[in-house]
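Take a look at the structure set out below.
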Amino acid sequence: MKVMKFGGTSMSSADTISKVADIVTSSPEARFVVVSAPGKRDSSDVKVTDLLYRCYDERRKSDDIDEAFEPISNRFYRIAEDLGLIGKSGFDLKGELEKIRSDIDGGASVDYVASRGEYLSAYITAALLRRPFVDAAEIVRFDDDGRFDEKTTFALCADKLDPKAGAVIPGFYGVTKSRAVKTFSRGGSDVTGAIIAGAMGAKVYENWTDVDGFMTGDPRIIDDPKIIDIITYRELRELSYMGAAVLHPESIFPVRSRDIPIRIKNTFNPGACGTLIVPTDKFLKGEYKRAELPLTGIAGKRDFISVQVEKSMMNNEKGYARKLLSIVEECDLSLEHMPSGIDTVSLIIDGSGVREEQIDTMLKKIKLELRPDRLEVIDGMALIAVVGHGMNRRKGMMSQITGALYRADINIRMIDQGSSELNIIIAVENCDYERALKALHSEFSI
Ligand code: ASP
């Protein structure tokens with residue numbers, strides 16, 4: 001049995017939803033279908049979820065939401081009409097829209113309003129597929145502090161989802177114990193799909209999107225990145241941390257802990273085999289086979305800040321690193337890496353969203369409390385992660401990496417390799433970032 005989740009582009013129009021229906025009906029194992037709200041039809045379009053947030057904002061400003069609600073109802077009417085659903089018995093889109101409209105008028109919460117895109121998307125898809133519609137409010141539960149409650153959710157899924165009948169379920173939200181609608185963070189329908197797959201013990205969680213799979217490198221920079229056919233959960237984590245995102249980061253937890261693989265598929269190219277994300281232990285035991293390449297993928301991010309702290313005999317001073325870390329925490333900065341030498345420690349901080357005064361306060365505190373001999377801040381650093389289980393115990397990896405960067409005339413500012421030999425992190429200057437990615441990608445011909 002498999003769970004299939006379709007993203008916003010797949011749900012954006014009657015045309016794309018018909019493709020979704022073809023994919024579902026041609027797969028006898030597909031029991032549970034989780035859907036996003038309609039996304040953009042082209043680059044100038046607006047996602048339904050964004051229209052709903054706008055509508056909520058409008059309601060807070062004034063009593064009249066006619067103008068804000070109209071594009072939402074038009075969008076759903078058009079989809080239902082083009083799919084030939086209007087007038088079908090039991091299909092009452094008008095009633096559903098009227099109820100939503102009156103809830104918004106009555107001051108419904110922001111999460112409730114935002115969740116209605118997924119709700120209507122699933123309502124329409126269930127009618128088209130002639131499968132039961134199961135509202136996520138019936139099965140996905142949060143506690144009253146807003147934390148996802150896996151135990152109750154899994155029990156509700158076991159009780160309310162019938163694998164024989166199957167179901168279409170809206171993604172992105174659930175309810176708290178006191179039945180207030182609560183959404184996951186943006187892109188959270190991926191999480192709902194993973195929860196249903198975990199709860200129902202699916203053989204595979206298929207995540208249908210608009211790309212052929214996870215790529216070996218960023219297609220905006222690398223000319224010929226390839227689709228990775230098999231990637232482990234560990235490799236995926238390392239690459240997505242560096243921004244190579246196809247899936248919502250939280251969507252792996254409910255399936256990973258139950259050894260359920262995820263397959264990324266493309267609704268617009270269903271014949272492509274996609275990327276299979278597999279449990280790391282099973283892969284390392286040889287249960288999944290892929291070409292034996294040293295690297296699986298390369299990803300990176302710009303705009304890190306490196307703070308270098310130097311103090312002679314630092315190693316003899318107890319609690320130095322702990323005090324340094326407390327200062328970072330007090331300044332509300334998040335630490336990404338902390339390479340160290342005998343008398344030096346560097347703090348690598350993700351600079352996006354960091355305010356200048358946070359860094360200034362941190363530096364003042366370090367000077368005052370730790371009295372370093374030298375304190376230097378270097379900003380504009382890019383980190384690149386070179387990732388793959390194939391690197392483990394393979395000689396010469398580092399020399400190949402440094403050689404490729406040397407030949408491309410790029411200076412390496414820092415190197416960090418974990419003892420698992422799964423990941424080597426290299427820091428270069430922002431201005432060398434793209435050239436470094438290209439040089440590494442072509443060196444390893446992945
Ligand atoms: N519709 C929501 C969003 O735009 C959730 C999702 O699509 O997964 O973020």
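All heavy atoms count here, side chains included; hydrogens, waters and symmetry mates do not. Computed from a predicted model, the values in this text were never measured in an experiment. Each ligand, and each atom within it, is numbered from 1 in the order the structure gives.
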Checklist entry - Tell me, which pairs form a salt bridge (charged side-chain N to carboxylate O under 4.0 Å, His left out) where one or both residues lie in residues 435-446, sequence neighbours left out? => result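 Those involving residues 435-446 are Arg407-Glu443, Asp432-Arg435.
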
Would you mind listing which atoms of ligand 1 come within a distance below 4.0 Å of any non-hydrogen atom of [X]?
{"X": "Arg186", "value": "3 (C), 4 (O), 9 (O)"}
{"X": "Ser36", "value": "6 (C), 7 (O), 8 (O)"}
{"X": "Lys47", "value": "4 (O)"}

Can [X] be said to touch ligand 1, with heavy atoms closer than 4.0 Å?
{"X": "Gly117", "answer": "no"}
{"X": "Gly188", "answer": "yes"}
{"X": "Glu118", "answer": "yes"}

Next on the checklist: Can a side-chain donor-acceptor contact be found between Thr280 and His389 if the only test is distance below 3.5 angstrom?
Outcome noted: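 Thr280 and His389 do not have a side-chain donor-acceptor pair below 3.5 Å.
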
Next on the checklist: Any donor-acceptor pair under 3.5 Å linking the side-chain atoms of Thr9 with those of Asp210?
Outcome noted: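 Their side chains do contain a donor-acceptor pair, which is all the 3.5 Å distance test asks for.
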
Checklist entry - In terms of ring plane angle, is the pair Phe91 and Tyr123 parallel, tilted or perpendicular, where the classes change at 30° and 60°? => result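 Correct class here is parallel.
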
Checklist entry - How are the rings of Phe184 and Phe142 set relative to one another: parallel (under 30°), tilted (30 to 60°) or perpendicular (over 60°)? => result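 Phe184 and Phe142: tilted rings.
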
Item to check | Name of the residue among Thr296, Leu293, Ile401 meeting side chain to side chain contact (heavy atoms under 4.5 Å, CB included) with Phe444 | outcome: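 In the set Thr296, Leu293, Ile401, the residue that makes a side chain to side chain contact (heavy atoms under 4.5 Å, CB included) with Phe444 is Ile401.
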
Next on the checklist: I want to know if ligand 1 touches Gly187 in the polar sense, i.e. an N/O pair below 3.5 angstrom.
Outcome noted: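 Yes, at least one N or O pair falls under 3.5 Å.
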
Checklist entry - Should Lys5 be counted as touching ligand 1, given the test is an N or O pair under 3.5 Å? => result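 Lys5 vs ligand 1: no N/O contact under 3.5 Å.
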
Checklist entry - Which protein non-hydrogen atom lies closest to atom 6 (C) of ligand 1, naming both residue and atom, and how far is it? => result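 For atom 6 (C) of ligand 1, the nearest protein heavy atom comes out as Ser189 OG, 3.3 Å.
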
Next on the checklist: Listing request: all side chain to side chain donor-acceptor pair (under 3.5 Å) pairs with a residue in residues 219-231, at least two apart in sequence or in separate chains.
Outcome noted: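 Pairs touching residues 219-231 that pass the test: Asp218-Arg220.
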
